[in-house]
2 protein chains.
Amino acid sequence: MKHPSTRDRILEEADRLFYERGYEHTAFADIAEAVGISRGNVTFHYQTKDAILDAVIDLRLARTAALLERWETGGEGPADRIRSFIDILIANRAKIMLHGCPVGTLCSELAKLEHHALSHASALFTLFQEWLATQFAALGLKKEAGTLALHLLARSQGIATLASTFHDEAFLREEVRILHAWLDGITSSPSRRTRA
Amino acid sequence: MKHPSTRDRILEEADRLFYERGYEHTAFADIAEAVGISRGNVTFHYQTKDAILDAVIDLRLARTAALLERWETGGEGPADRIRSFIDILIANRAKIMLHGCPVGTLCSELAKLEHHALSHASALFTLFQEWLATQFAALGLKKEAGTLALHLLARSQGIATLASTFHDEAFLREEVRILHAWLDGITSSPSRRTRA
DNA sequence: GTCTATATTAAGATAGAC
DNA sequence: GTCTATCTTAATATAGAC
């Protein structure tokens with residue numbers, strides 16, 4: 001890790017730039033400049049831009065899986081694990097207010113481009129969804145676990161979209177508070193869970 | 001309206017293409033082809049692409065204002081007006097599942113581009129927000145009206161984002177059902193409104 | 001108002017020297 | 001592995017004929 005390869009540094013900068021500027025708006029030259037190498041060197045390591053995108057998605061998938069595994073093996077119960085998910089909005093609020101959610105904005109862009117990598121990128125959502133569904137099931141909500149997981153994903157997405165549009169931290173914090181209240185309502189009174 | 005000017009036809013096709021393909025991914029040539037004129041003719045009517053974008057946003061603002069006014073002068077009360085807003089997700093589901101929300105996806109793209117038109121485009125959100133806040137205030141929720149309006153906007157955004165990522169109509173319909181239940185909960189028991 | 005032709009810039013991608 | 005140089009394509013935008 002002390003001496004990352006040029007290939008890894010390209011991947012790292014591409015990951016950041018695709019998030020900050022979007023996939024299409026990021027040029028080979030931008031990546032090369034960020035790494036401090038020539039354009040030709042970038043194409044030596046990754047022949048096409050699509051190849052970089054695929055590698056970036058794989059990197060994000062691996063990091064997401066590792067994050068979820070850390071949360072899974074953590075000492076807290078399923079409710080606290082779901083709270084960890086909700087609190088990403090707070091932990092990453094600075095970047096979210098500038099660039100939105102890295103998963104949602106990538107999927108939205110790829111959907112508009114009708115890019116074949118959309119199904120690859122949407123696996124990021126699926127990772128979160130399945131993990132969240134596992135937590136809801138562990139709370140005794142096995143039947144609605146998948147629906148609740150998608151619902152929470154959608155709520156997070158909407159918060160990120162509006163927070164980045166208005167660069168509004170107060171809104172983001174208020175919505176996170178409401179999400180925690182929603183979760184509390186689910187864990188304490190299961191019969192009312194579909195109301196929210 | 002029977003004989004729209006070339007300028008209006010350019011605007012109409014640009015509006016559609018910016019929604020379907022995104023702003024940056026739409027070229028002058030695409031607009032010209034859709035209208036059935038030459039590229040040079042497009043630039044005769046709109047000198048720059050940014051000028052087209054500004055005109056498209058103005059068009060959307062005018063149409064949104066007209067829509068909200070129709071709902072406002074309609075016979076139903078504030079709760080039914082909010083239901084009209086929620087039901088756009090159903091009415092426009094085919095396009096939403098393909099291209100997402102026209103407001104949210106435009107604002108997300110412009111935020112990534114750091115485009116100066118973002119503040120112009122975000123006025124679309126503000127139109128909806130202020131109108132929704134008026135309805136919530138009319139329901140006797142004057143104090144929380146602004147927060148509730150933003151909350152509902154965020155919920156709609158999240159639904160549109162996931163619906164377009166997964167092209168999933170069942171998810172969209174289920175989430176609309178949950179939104180209606182949320183609204184019912186607010187109108188019937190105000191003390192629990194911030195829970196959802 | 002509409003067209004063709006063109007200037008200019010930038011991007012993705014390739015070839016070959018070192 | 002890294003660079004410079006170049007090919008090719010496509011995009012915004014302009015100029016000028018009709």
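Labels below follow one simple rule: chain letters A, B, ... track the order of the sequence lines, proteins then strands, and each chain is numbered from 1.
A salt bridge is defined here as a Lys NZ or Arg NE, NH1 or NH2 lying under 4.0 Å from an Asp or Glu carboxylate O, and Arg9(A) with Glu12(A) fails to meet this definition. With respect to Arg81(B) and Glu72(B), a salt bridge is recorded, a charged nitrogen being found less than 4.0 Å from a carboxylate O. A salt bridge between Glu174(A) and Arg177(A) is present, with a side-chain N of the basic residue lying under 4.0 Å from a carboxylate O of the acidic one. Under a 4.0 Å N-O distance rule, the pair Glu109(A)/Arg21(A) does not qualify as a salt bridge.
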Quiz item: Between Asp30(B) and His25(B), is a side-chain hydrogen bond (donor to acceptor under 3.5 Å, both in side chains) present by the stated rule, with each step listed?
Solution: CA-CA 10 Å; Asp30(B) 297 326; His25(B) 194 56; over 6 Å; no
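Ring-plane geometry between Phe125(B) and Phe166(A) is classed as tilted, the angle between the planes lying from 30 to 60 degrees on a 0 to 90 degree scale.
At most 12 non-hydrogen atoms from other residues, nucleotides or ligands lie less than 6.0 angstrom from CZ of Arg39(B). Few gaps surround CD on Glu20(A); more than 12 heavy atoms of other groups in view lie less than 6.0 Å from it.
The stretch residues 20-35 of chain B touches DNA chain D through Thr26(B), Ala27(B), Phe28(B), each having a heavy atom under 4.0 angstrom from the strand. Residues from residues 108-120 of chain B that place a heavy atom under 4.0 Å from any atom of DNA chain C: there are none. Remark: Phe44(A), His45(A) in residues 43-54 of chain A come within less than 4.0 Å of DNA chain D through at least one heavy atom.
Extent of DNA chain C lying under 4.0 Å from chain B heavy atoms, first and last nucleotide in 5' to 3' order, is dG1(C) to dT4(C).
Seen from the ring of Tyr23(B), Lys49(B) counts as a face-on cation partner, given the 6.0 Å and 45° thresholds.
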Which donor-acceptor pairs under 3.5 Å do side chains of residues 88-96 of chain A form with protein atoms, sequence neighbours excluded?
| residue | atom | partner | partner atom | Å |
| --- | --- | --- | --- | --- |
| Arg93(A) | NE | Glu169(A) | OE2 | 2.9 |
| Arg93(A) | NH1 | Ile90(A) | O | 2.9 |

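The side chain to side chain contact (heavy atoms under 4.5 Å, CB included) test applied to Ala111(B) returns Leu118(B), not counting sequence neighbours.
In this structure, CZ of Arg39(A) is placed 10 Å from C1' of dT4(D), rounded to the nearest angstrom.
No side-chain N or O of Asn41(A) forms a donor-acceptor pair with one of Ser38(A) less than 3.5 Å apart.
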